[in-house]
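Report on one structure; see the data block that follows.
Here, residue 1 is the first one in the sequence, and each next residue gets the next number. Counting convention: from 1, in listed order, for ligands and their atoms alike.
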Amino acid sequence: MNNRTLGIGLIGAGFMGKAHSAAYATMQMHVWPAPAQPKLTCLADENLEAARIGAERFGFASFTSDWRALIARPDVDIVDICTPPNSHLEIALEAIRAGKHVLVEKPLAMNSEEARRMWQAAERAGVKNLVGFSYRRTPAVLYARQLIDEGAIGRIYSFRGHYLQDWCVDPEAPRTWRHVARIAGSGTLGDIGSHIIDIARMMTGDIDSVVSLVRRWVDERPETSTPGANKVPVDVDDEAMFLLKFREGSIGRIEASRFSHGRNNYLGFEINGEKGSITFNYEDMTKLGVFLAEGPIERRGLRVISTGPAHPYGQHLWPIPGLGIGFTETKIIEVCDLFDAIISDRRVRPDFEDGYRVSQIVDAVESSGKLNNWVELDRD
Ligand SMILES: NC(=O)c1ccc[n+]([C@@H]2O[C@H](COP(=O)([O-])OP(=O)(O)OC[C@H]3O[C@@H](n4cnc5c(N)ncnc54)[C@H](O)[C@@H]3O)[C@@H](O)[C@H]2O)c1
């Protein structure tokens, strides 16, 4: 039993509000003793009814439509921002000013300039800061990083990553905030491309330059799902493909699309090194493909490892590898790591600096698409 509690003030009662709330609510069922006990103190949403229903459903003690009031509460230790990107900067700066620890959903901000301000403010204030790139907390993905750290595949030659979905492929599907640049910042690139860029950096390190192809396939969509609804403009990218040069010398290729028929949440990667390869597909998220160039040549092959108690966080999750895990478990690991960082006063990754560096790459991919040329990243 841990007597220390951390009060959660969560802003945004939508998809991620539900995912983060489920993680706080079940963290102690998995991780015992947890670094501290979460206390679901207050839920804010600009839509008061969403905040009221969310508080009842997710287990928050109170609700409000005013996120400033939530931040001002002395019983809120962590401000958890689950709103669209256009509000991340303002809410995070206010929370940092109030001395709160901050968890912000990805992408960190609308662009790298905003992300930089958030990084610098959090660093100056000394508060813990984390970006919700939760796919990197899939145990199989953490195990891939562990294998690289152990030197299992040696020097890395190449990283190939993709994140493909198909929910936008129907041109009659209504416009959402994810199609509007002044709310989302960018389109497919910032929304899902940012996740696989984060994983590329986690595996292969900093990125020096990119060259890209960026396309929008549908310029306008119905405003609502009502038949005959007005068409309204879409002003973000739908698909991006880019090549990368990593600082350590390896090379990479990333593809992000919301226009890939038959792909629902197809995030994956292949890493090729001098002594082996690693492959991962989130749609089969408990498995990691590993090839090690060792032993008699006739016995070599790509083996499939089913992650379980022997793998990162496995002792906290389920006792049998084949039982499987899901998105909630990655969010449990995420909030648990944030709690641990607060209690033991250590850095937690990906922090706002990492979020800024991902935003820099998103900006560079957009610029390269316009310039038709390689774009170098600033080394600040
Ligand atoms: N880590 C992941 O895998 C993942 C998955 C989906 C979404 N996200 C990210 O999470 C964030 C939220 O996305 P979502 O899918 O939950 O969106 P959503 O539309 O489901 O929910 C957003 C909620 O925020 C509220 N809101 C909007 N602006 C607000 C403001 N200024 N103040 C208070 N409330 C406000 C809305 O009323 C809504 O209830 C985005 O940054 C998105 O990119 C991350």
Q. With atoms numbered from 1 as shown, which atoms in ligand 1 lie under 4.0 angstrom from a non-hydrogen atom of P107?
A. 43 (O)
Q.
Within the structure, is a non-hydrogen atom of P84 found at a distance of less than 4.0 Å from ligand 1?
A. yes
Q) Would you call the rings of Y313 and H316 parallel, tilted or perpendicular, where under 30° means parallel and over 60° means perpendicular? A) tilted
Q.
Out of all atoms in ligand 1, which are within 4.0 Å of some heavy atom of G132? Include the element for each.
A. 1 (N)
Q) Hey, is CZ on R247 packed in by over 12 heavy atoms from elsewhere, all under 6.0 Å? A) yes
Q.
Closer than 4.0 Å to some heavy atom of H195 - which atoms of ligand 1 meet that?
A. 1 (N), 2 (C), 3 (O)
(Q) Closer than 4.0 Å to some heavy atom of H88 - which atoms of ligand 1 meet that? (A) 41 (O)
(Q) Any carboxylate oxygen within less than 4.0 angstrom of a Lys/Arg side-chain nitrogen, looking at D206 and R201? (A) yes
Q) Could R116 and Y356 be counted as a cation-pi pair, given that NZ or CZ must be under 6.0 Å from the ring centre and within 45° of the axis? A) yes
Q) Do ligand 1 and F15 have nitrogen or oxygen atoms that lie under 3.5 Å from each other? A) yes
Q: Please confirm whether I11 comes within less than 3.5 Å of ligand 1 when only nitrogen or oxygen atoms on both sides are compared.
A: no
Q.
Looking at ligand 1, would F133 count as a contact under a 4.0 Å heavy-atom criterion?
A. no
Q) What class does the angle between the rings of H195 and Y135 fall in, given that below 30° is parallel, 30 to 60° is tilted and above 60° is perpendicular? A) perpendicular
(Q) Are any of the N/O atoms on I91, whether in the backbone or the side chain, positioned under 3.5 angstrom from an N/O atom of ligand 1? (A) no
Q.
Tell me whether the count of non-hydrogen atoms from other residues, nucleotides or ligands lying under 6.0 Å of CZ in R346 goes above 12.
A. yes
(Q) Quick check on salt bridge (charged side-chain N to carboxylate O under 4.0 Å, His left out): which of D363, D198, D380 does R357 satisfy it with? (A) D380
Q: For ligand 1, indicate whether the residue K331 contacts it via side chain, backbone, both or neither (heavy-atom separation under 4.0 Å).
A: side chain
Q: Check ligand 1 against W67 and write out every atom of the ligand that is under 4.0 Å from a heavy-atom position of the residue.
A: 32 (N)
(Q) Tell me if the CD atom of Q146 is crowded by more than 12 foreign heavy atoms within 6.0 Å. (A) yes
Q. Which residue from T83, L43, N47 reaches closest to atom 26 (N) of ligand 1 through any of its heavy atoms?
A. T83
Q) For atom 33 (C) of ligand 1, which candidate among E46, K106, H20 holds the nearest heavy atom? A) E46
Q: Would you mind running through ligand 1 and noting each atom that sits below 4.0 Å from a heavy atom of G12?
A: 23 (C), 24 (O)
Q: Please identify which atoms of ligand 1 are closer than 4.0 Å to at least one heavy atom of C82.
A: 12 (C), 22 (C)
**Q.** Heavy atoms from other residues, nucleotides or ligands near CG of L48 exceed 12 (cutoff 6.0 Å)
**A.** yes
**Q.** Region of E90 that comes within reach of ligand 1 [heavy atoms, distance under 4.0 Å]
**A.** neither
Q | atom 23 (C) of ligand 1 - nearest protein heavy atom and its distance | A | D45 OD2, 3.7 Å
(Q) Within ligand 1, which atoms have a heavy atom of S134 less than 4.0 Å away? (A) 1 (N), 3 (O)
Q: State whether the number of non-hydrogen atoms from other residues, nucleotides or ligands found under 6.0 Å of R253 atom CZ is greater than 12.
A: yes
Q) Quick one: are the ring centres of W167 and H179 less than 6.0 Å apart? A) yes
